Amino acid sequence: MEIIKRLNITKKEWTKIRKKVLERDNYICKRCGISRKKLLEFKRNFPDVRYRGIGVLQIDHKNPISLNGDKLEENNMQTLCMFCHDKKY
């Protein structure tokens with residue numbers, strides 16, 4: 001996974017951080033409010049839609065690492081759906 005290389009952490013560490021952020025945000029996109037359940041339903045109904053990343057909910061750094069955002073601080077992370085994360089970049 002590219003994120004693990006960029007953050008220089010183990011897969012186990014990233015999985016733990018990711019889970020904490022998803023749970024904190026109740027598995028809901030902080031931008032549009034769509035739930036994981038609705039996204040999975042969409043993905044089943046429209047399997048050919050392409051999007052960035054692998055998960056329907058993704059972890060985004062609010063203040064990008066490239067702009068000196070804290071790479072491991074949970075307060076600098078938010079849950080975004082695959083579409084909102086794609087729009088951001």
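Quantities reported herein were computed from a predicted structural model and do not represent experimental measurements.
Side-chain atoms of W14 and I59, non-hydrogen and from C-beta on, do get closer than 4.5 Å to each other. Here the side chains of L22 and K19 are not in contact, with every heavy-atom distance at 4.5 Å or above.
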Go through it in stages, so that I can follow the logic: the residues are F83 and I34, the test is side-chain contact (heavy atoms from CB on, under 4.5 Å), and I'd like the CA-CA distance, side-chain angles, deciding distance and then a yes or no.
CA-CA 10 Å; F83 301 110; I34 195 167; over 6 Å; no
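Side-chain atoms of D86 do not come within 3.5 Å of backbone N or O of M82 as any donor-acceptor pair.
For T10, the side chain to side chain donor-acceptor pair (under 3.5 Å) test picks out E13, with sequence neighbours left out.
The number of heavy atoms from other shown groups lying within 6.0 Å of NZ (K62) is above 12. Atom CG of N8 has 12 or fewer heavy atoms from other residues, nucleotides or ligands within 6.0 Å.
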Identify every side-chain donor-acceptor pair in residues 67-79 under 3.5 Å, counting partners at least two apart or on other chains, and give the distances.
| from | atom 1 | to | atom 2 | distance (Å) |
| --- | --- | --- | --- | --- |
| D70 | OD1 | L72 | N | 3.0 |
| D70 | OD1 | E73 | N | 3.1 |
| K71 | NZ | L7 | O | 3.4 |
| E73 | OE2 | N75 | N | 3.3 |
| E73 | OE2 | N75 | ND2 | 3.3 |
| E74 | OE2 | K20 | NZ | 3.2 |
| N76 | OD1 | N63 | N | 2.8 |
| N76 | ND2 | N63 | O | 3.0 |
| N76 | ND2 | D70 | O | 2.9 |
| Q78 | NE2 | D60 | OD2 | 2.9 |
| T79 | OG1 | D25 | OD2 | 2.9 |

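Shortest non-hydrogen contact noted between L80 and K88 is CD1-CD, 4.4 Å. When every heavy atom of C81 is checked against every heavy atom of L57, the shortest pair comes out as CA-CD2, 3.9 Å.
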